[in-house]
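Below is one structure; the comments refer to it alone.
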2 protein chains.
Amino acid sequence: MSERARRPTVKEVATRAGVSPMTVSRTLSGGLNVKPDVQQRVMEAVAELGYHRNENARSIRPGHSSGLIGVAITNIANPYYSTFALGVEEEAALTGRRILLGNTSEDAAREADLVGDFLGRRVDGLIVVPAGTSSAHLAHSQSQGVPVVLASRRIEGLAADSVVLADDDGAHRGTSALIEHGHTRIGYLGNALSIFTGERRYAGFVRALSEHGLTVDPDIVATNQQTVDQARDATRALLDAAHPPTAIFCANNRNAIGALKEISAQLNAGSRRATDFPEIVSFDDFELAELSPVPISVIDHDPRELGRAATRLLLDRLDGGKLDAATREIELPVSLRGVR
Amino acid sequence: MSERARRPTVKEVATRAGVSPMTVSRTLSGGLNVKPDVQQRVMEAVAELGYHRNENARSIRPGHSSGLIGVAITNIANPYYSTFALGVEEEAALTGRRILLGNTSEDAAREADLVGDFLGRRVDGLIVVPAGTSSAHLAHSQSQGVPVVLASRRIEGLAADSVVLADDDGAHRGTSALIEHGHTRIGYLGNALSIFTGERRYAGFVRALSEHGLTVDPDIVATNQQTVDQARDATRALLDAAHPPTAIFCANNRNAIGALKEISAQLNAGSRRATDFPEIVSFDDFELAELSPVPISVIDHDPRELGRAATRLLLDRLDGGKLDAATREIELPVSLRGVR
DNA sequence: CTGTTAGCGCCTTCAT
DNA sequence: ATGAAGGCGCTAACAG
């Protein structure tokens, strides 16, 4: 397998082409001031040896950067975040940069470790979906000239570029729609209120209720579901409540999917009829939402575009000479869409 | 934002701690032969300056590696591959390695570019879901001592470790189940036959048919759908065929989801009744399959485990001193599971 | 147009 | 137990 374990260096290419290392270097970086026929010979040597410039060696030289962007995401397996990652990758690739991807599993300590590692690898910048509320590691990154862009969630007290969704507005519109459909008893399934999006979406939910003279009944509010299975369990509890809701607002796709799974299971078991189940609104669109057995609307947005926007903010700082520009906070609009 | 654009080096830490750079280096790599109180001072200086070892500089020294694994995937946004990536990330993180992620969009040229870039960044190894059948770039990587593990798909003529699924067996069992359910007219929706999985799954499909004396009707076979939308279109064509199938075998989640979307749309439009639609078997499980309006079974497997297994093969070669061990080809079993 | 020198940040080797 | 020298691969800066 490794007939030739060592990778060739400029020096070997130079020897083979009968020139000095500098001529190889010059040829590889555009060929300014190198005779065409010499360039030709160099390129042949490069091809024959299968030479690739050592980017790590290049990056330690003054003025050069690694061309790496560190991306810390809470859960790559969630389609929302993987689509986000796609957007980042695409936009980064446009400038020849690569992404260093790390999964935090919603664990703040792991995120801090990751960021430290990223800094050690001399990333040009960081794109983070923060797992917690602590910002020391990110402020530290900034203080060393490595800009940080927050995505989806902001952190109080950290002055960093950010791209988030119109969480409050979306939740407000979704909840209002349910009220307009005649519902007065609306349940809530969401992620923890301690999470940026959790807090904002819940706030939008509550605001819509109170604007219509409705109050929140804690019996039909569940805010600690991080996974689909947890969401299923929480849904079961809502449905079994003394006064079950006639509609449920789900603060993200995990919770909406869990709700649909539970409803569908109970429907198949025949324990209740379809019309006995609550109508659903989901913050986040998701695949196959249209198969829902109950009426459903989604608060739609484009995670890929969110990834792109976050990356553009970062690149603008890096390449646009705006390292010290004022912090920019973007809030992407969302739209309510009836699915079924 | 960048009060201190330059990142500290060993030298600065050394000065601050009142020692030589070597003492800092030694302290950071375990502290062998450094007096405890000196270590203490060094660590304080490290903390005060927020120093991180420059991994790129370390990696150019003989004997050192980058600790990076290059991962080239055809489509990160596909939940199947993002879950795969999660498995890779987790397993790599266990050895302190990071992943460099690139999306190929099923484009062989882009894959070759990516691999070249990865080699330039001195990755320790490569995990690739190959987009095509050309192997020159991968063989090249191997020849420079950078091992390659293929995931999900193999490439003919390339001797590389690989982890794939039991495509033929799975397709055969899924199709056989449909036949046992009484179907004799079974359609096929899949990705291109030129793709490893496409070919193998189609082969299993055909084998099951012929074992039961059935023949393939090209009118109800569509094998070029790469996206959900394409799959929807293909499904419509199957349903509109002169003799539509009573069951459809879908070779991956994109095709199954497209089929369900089309069926569901027609059902809602009222143009056909539920019992008029074909039963479905899907190679790949996917979220909310249980909401299918028609009976459905899935050929189930665990993409996360596939990612882990691929990474273990790679790490075993890298850390297990098995750089030149014989090629290992793993085929993970799949299971047929009735969903609805 | 081409080559030589020197140094990026780090750590192995060899003193002390 | 600590430090000095040297070199990993690369390329600005300075000859020529």
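Letters go in sequence order (proteins before strands), and every chain restarts at 1. Worth saying up front: this structure is predicted, and the values here are computed from it rather than measured.
- Residues Ala57(B) and Pro62(A) both approach DNA chain D. Their nearest nucleotides, taken by heavy-atom distance, put Ala57(B) toward the 5′ side.
- When the options Leu94(B), Ile99(B), Thr95(B) are evaluated for a side-chain contact (heavy atoms from CB on, under 4.5 Å) with Arg97(B), the one that passes is Thr95(B).
- Of all the heavy atoms in Leu126(B) and Val146(B), the pair that sits closest is N-CG1, 4.5 Å.
- The separation between Leu32(B) atom CG and dT12(C) atom C1' is 14 Å, rounded to whole Å.
- Here the side chains of Gln40(B) and Lys35(B) are not in contact, with every heavy-atom distance at 4.5 Å or above.
- Comparing the helix axis at one end of the helix from dC1(C)-dG16(D) to dT16(C)-dA1(D) with that at the other, each defined from 5 consecutive pairs, gives an inter-axis angle of 40° (nearest 10°).
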- request: Could you check Glu89(A) against Arg110(B) for salt bridge (Lys or Arg N to Asp or Glu O under 4.0 Å), going step by step and ending with a plain yes or no?
  value: CA-CA 13 Å; Glu89(A) 200 272 349; Arg110(B) 173 139 177 68; 3.2 Å; yes

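- As rounded to whole Å, 10 Å separates atom P of dG9(D) from atom CZ of Arg61(B).
- For the residue pair Ser59(A) / Asn56(B), a side-chain donor-acceptor distance below 3.5 Å is found, with atom types taken as modelled.
- Per the geometry, CG belonging to Leu28(B) stands 9 Å off P belonging to dC10(C), to the nearest Å.
- In this structure, Ile60(B) atom CD1 and dT11(D) atom C1' are separated by 12 Å, rounded to whole Å.
- With dT13(C), dC10(C), dG9(D) as the candidates, the nucleotide lying closest to the side chain of Met22(B) is dT13(C).
- Asn33(A) comes within 4.0 angstrom of a base, heavy atoms only.
- Atom CZ of Arg7(B) and atom P of dC8(C) are 16 Å apart (whole Å).
- The CG-P distance, from Leu49(B) to dG9(C), rounds to 14 Å in whole Å.
- The separation between Asn56(A) atom CG and dG7(D) atom P is 22 Å, rounded to whole Å.
- One finds a salt bridge joining Arg308(A) and Glu91(A) here, because a Lys/Arg side-chain nitrogen approaches an Asp/Glu carboxylate oxygen to under 4.0 Å.
- At the heavy-atom level, Arg26(A) lies under 4.0 Å from base atoms of the strands shown.
- One finds no salt bridge joining Arg41(B) and Glu48(B) here, because no Lys/Arg side-chain nitrogen approaches an Asp/Glu carboxylate oxygen to under 4.0 Å.
- For Val34(B), taking side-chain heavy atoms from C-beta onward, the closest of the listed nucleotides dC1(C), dT2(D), dC11(C) is dT2(D).
- Checked against dG9(D), dA12(D), dT2(C), the side chain of Val38(A) finds its nearest nucleotide in dT2(C).
- Contact annotation: Thr23(A) side-chain N/O to dG3(C) OP1/OP2 distance is under 4.0 Å.
- Of the candidates dT11(D), dG9(C), dT2(D), the closest approach to any side-chain atom of Arg53(A) belongs to dT11(D).
- Phosphate proximity of dG3(D) to Ser20(B): present, with a side-chain N or O under 4.0 Å from OP1 or OP2.
- Considering all non-hydrogen atoms of both residues, Ala131(A) and Thr104(A) come closest at CB-OG1, 4.1 Å.
- Remark: C1' of dG7(D) and CG of Asn54(A) are 14 Å apart, rounded to the nearest angstrom.
- Remark: Arg58(A) is in phosphate contact with dT11(D), judged by side-chain N or O atoms under 4.0 Å from OP1 or OP2.
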